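Only this structure's heavy atoms are used, side chains among them; waters, hydrogens and symmetry mates stay out. Only a predicted model underlies this, so the values are computations on that prediction, with no experimental measurement involved.
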Amino acid sequence: MNETATRPITILWLRGKRAALPQVLESLGRVADVRSVSTVEEAMELLRQQPYDLVINDSDVFLPLGRLHFANQAATALEAMAQGVCLIGPAGQMIWANPKMLSLSADIQSRVQACCGELFTRAGADNGRRPAAARARRFTLTTETKECFELTATPIVDVDQRVTQVAAVVWDATNTYRLQEKIDAIDRAGRELVNLDAEQIARLDMQERLALLEQKIIRYTHDLLHFDNFAIRLLDKKTNRLELVLASGMSAEGQELDLFACPDGNGICGYVAHHGRSYICPDVQADARYMVGIVNARSSLTVPLRLHDQVIGVFNVESDRPAAFGENDRQFLEIFGRYVAVALHVLNLLVTERYAVTGSLAGAVLAELTGPVNDILTDVGNLTEDYIGHDDLRHRLNKIAANAVAIREVVKQYTTQQGVIGRRPHGATRHDPILTGKHVLIADDEEVIRDTVRDVLAGYGCEVAIATTGDAAIEMLKRAPFDLVISDIRMPNRSGYEVFAAAKDANPNTPVILMTGFGYDPNHSIVRARREGLAAVLFKPFKVDQLLSEIRSALRSASAPTPTPSPQS
């Protein structure tokens, strides 16, 4: 048997103005539990206490009872709402509030009352005319702890158009505003990272360029994700190695890792670089792929750096808190990562002399940027669809899209300047007692660089030999003496340091000048060679005058007699 069959039927009788018929009550009482009341208020109180199977009432109280029943349902719904709801009286007093409103801090409740009070004040100043205060108004309330609440205050007017009460609805908008802050940070970062002053860059060496870019990325990574520990690695297509370019807050052990774009045995960075997919690691202690990054690491987020849908590196952020990164962090870091990739790539192209010498730097850079800019616009478009209804968020996303398009014009402006290594006019050989007759070895795998430096030195009477690889340069150093060696750091087979070491083995007095572009110093060639007598480093782009100045200085130093130590007293 079901429950209904085992318990008596419950009936509520609202008699209204008429007395209950005794015979009817007696008959119903034999089959049901009957409660009889005479007022609507009594009936509603009993209905609140328990449900009834049947309610009987006279027609003269049917409508009032129905209205009160629906009002009771509405009150129940208001009390269960996730937003705070209240009614404010003319004196600013809170007449009624639902549990959510009462759970808000006393400070927020007081400010809600004050905002609603403004509507009463404005209504009183309208002298009985249709008050402007009768329109709903929206307020934003922020706290010292950076919580944010949105308030909509709606005046309630009587038949004489007087404001008698104000209905207020308050909801927590903290998450929405934090998303807006992140989008603002991306917008600022995107504009700042691509704002590369070509003249300023030309005056900086490689470490200074990296330091400049590192400062920007550190600042905006902090603003964006509120984390300071990160590493950026660029992918060497020839070796598949992930070379560390920028790092902040990472341990020495983490920076010295040799990682490759492989799915196994190369940490999360290698996995992400290989598959091209972002990776959230909520607990590094439980993830076999994780390799040391920061001291006491607990979680990490790694995203690929993309250009033309090609992975050119990875951006790894770490935290000492478990589960510090979520999907929002991943989504925003991917967009920020695209800006970082563009900035790194543009800076690399600006200082890669082969583009400048051919006079096609502007076209090359713009061609390289088309894909990345389109990727940013696609990502922003997808986010805009996700945040339909959030006008402020959509407005900020549209600003990011506009700035991404503006990148093309910015880069075009900076790259219309002439090449940084200019060819001397052809003509008679110039006589220079320091340069004329010197035997110089030039080692570089870029033909345009070799030819440009050779033409400059040949124009001053130097005898120039050319090597296209590190191996070839080392073999030539074994076979013949040279007065000067100029070698690129990054070459096939052997590094610039190995060429430097071979030159010093052949003759310790031979001056060596190393050349390098942005970000490429494998095996710390510059640091090691400087400790062992490196004459100079030329950071691309460099001008002809700078090249000649460094060569003359190196040759003078090599030919200068060794000073005799003064006698000890």
Atom pair CD/SG of Q165 and C86 - distance to nearest 0.5 Å: 10.5 Å
- prompt: Are the side chain of S251 and the backbone N or O of G293 linked by a donor-acceptor pair below 3.5 Å?
  reply: yes
query: For Q255, does the CD atom sit with more than 12 other heavy atoms under 6.0 Å from it, leaving out its own atoms?
result: yes
message: For L301, is there any backbone N or O sitting under 3.5 Å from a side-chain donor or acceptor partner on S278?
response: no
message: Just verifying a value: how many Å separate Y290 OH and C281 SG, rounded to the nearest 0.5 Å?
response: 8.0 Å
query: How close do G337 and F315 get, heavy atom to heavy atom, and via which atoms?
result: CA-CD1, 4.4 Å
field: Of all pairs that satisfy salt bridge (Lys or Arg N to Asp or Glu O under 4.0 Å), the ones with a partner from residues 259-285, not counting sequence neighbours
entry: none
task: Ignoring hydrogens and angles, tell me if any N or O in the side chain of T154 forms a donor-acceptor pair with the backbone of A136 under 3.5 Å.
output: no
- request: Could you give me the CA-CA distance, side-chain angles and deciding distance for F139 and V112, then say whether side-chain contact (heavy atoms from CB on, under 4.5 Å) is met?
  value: CA-CA 9 Å; F139 302 86; V112 169; over 6 Å; no
task: Could you check if a side-chain atom of C115 sits within less than 4.5 angstrom of a side-chain atom of L141, using non-hydrogen atoms only?
output: yes
message: E150 vs T140, test: side-chain contact (heavy atoms from CB on, under 4.5 Å). Steps then yes/no.
response: CA-CA 5 Å; E150 290 288 342; T140 299; 3.2 Å; yes
message: One pair to check against side-chain contact (heavy atoms from CB on, under 4.5 Å): V85 and M101. What are the steps and the verdict?
response: CA-CA 6 Å; V85 183; M101 175 65 74; 5.9 Å; no
- prompt: Does Q109 reach the main-chain N or O of L104 with its side chain, forming a donor-acceptor pair under 3.5 Å?
  reply: yes
- request: Of all the heavy-atom pairs spanning L119 and A153, show the shortest one and how long it is.
  value: CD2-O, 3.9 Å
statement: CG (L151) and CD1 (I108) are apart, to the nearest 0.5 Å, by 9.5 Å
query: E318 and S299: side-chain donor and acceptor closer than 3.5 Å?
result: no
query: Between I88 and C116, what is the shortest heavy-atom contact and its length?
result: CG1-SG, 3.8 Å
- request: Starting at CZ of R241, measure out to CG of D258 and round the result to the nearest 0.5 Å.
  value: 4.5 Å
- prompt: Which heavy atom of I280 sits nearest a heavy atom of E327, and at what distance?
  reply: CD1-OE2, 3.5 Å
- request: Only counting residues at least two apart or in another chain, list the ones meeting side chain to side chain contact (heavy atoms under 4.5 Å, CB included) with P322.
  value: R298
query: Without hydrogens or angle criteria, can the side chains of N316 and T302 be said to hold a donor-acceptor pair below 3.5 Å?
result: yes
Separation of I268 CD1 from M291 CE (nearest 0.5 Å): 10.5 Å
- prompt: Would V342 and L307 count as a side-chain contact (heavy atoms from CB on, under 4.5 Å) if you check the C-alpha gap in whole Å, the side-chain angles of each, and the deciding distance to 0.1 Å?
  reply: CA-CA 7 Å; V342 170; L307 281 169; 4.2 Å; yes
query: Are E334 and R330 ion-paired here, with the side-chain N under 4.0 Å from a carboxylate O?
result: yes
- request: Determine the minimum heavy-atom distance between S300 and V284, stating which atoms define it.
  value: N-CG1, 4.3 Å
query: When rounded to the nearest 0.5 angstrom, what is the spacing between CZ in F260 and CD in E243?
result: 9.5 Å
- request: Decide yes or no for R306 and V311: does some side-chain heavy atom of the first lie under 4.5 Å from some side-chain heavy atom of the second?
  value: yes
task: Take the angle between the ring planes of Y271 and Y279 and call it parallel below 30°, perpendicular above 60°, tilted in between.
output: perpendicular
message: Closer than 3.5 angstrom, by distance alone: can the side chain of N98 be matched with the main-chain N or O of Q83 as a donor-acceptor pair?
response: yes
statement: Shortest non-hydrogen pair, A261 vs L235, comes out as CB-CD1, 3.7 Å
query: Can you tell if the side chain of L259 reaches within under 4.5 Å of the side chain of V314, non-hydrogen atoms only?
result: no
field: Distance-only polar pair, side chains of S105 and D107, donor-acceptor under 3.5 Å
entry: no
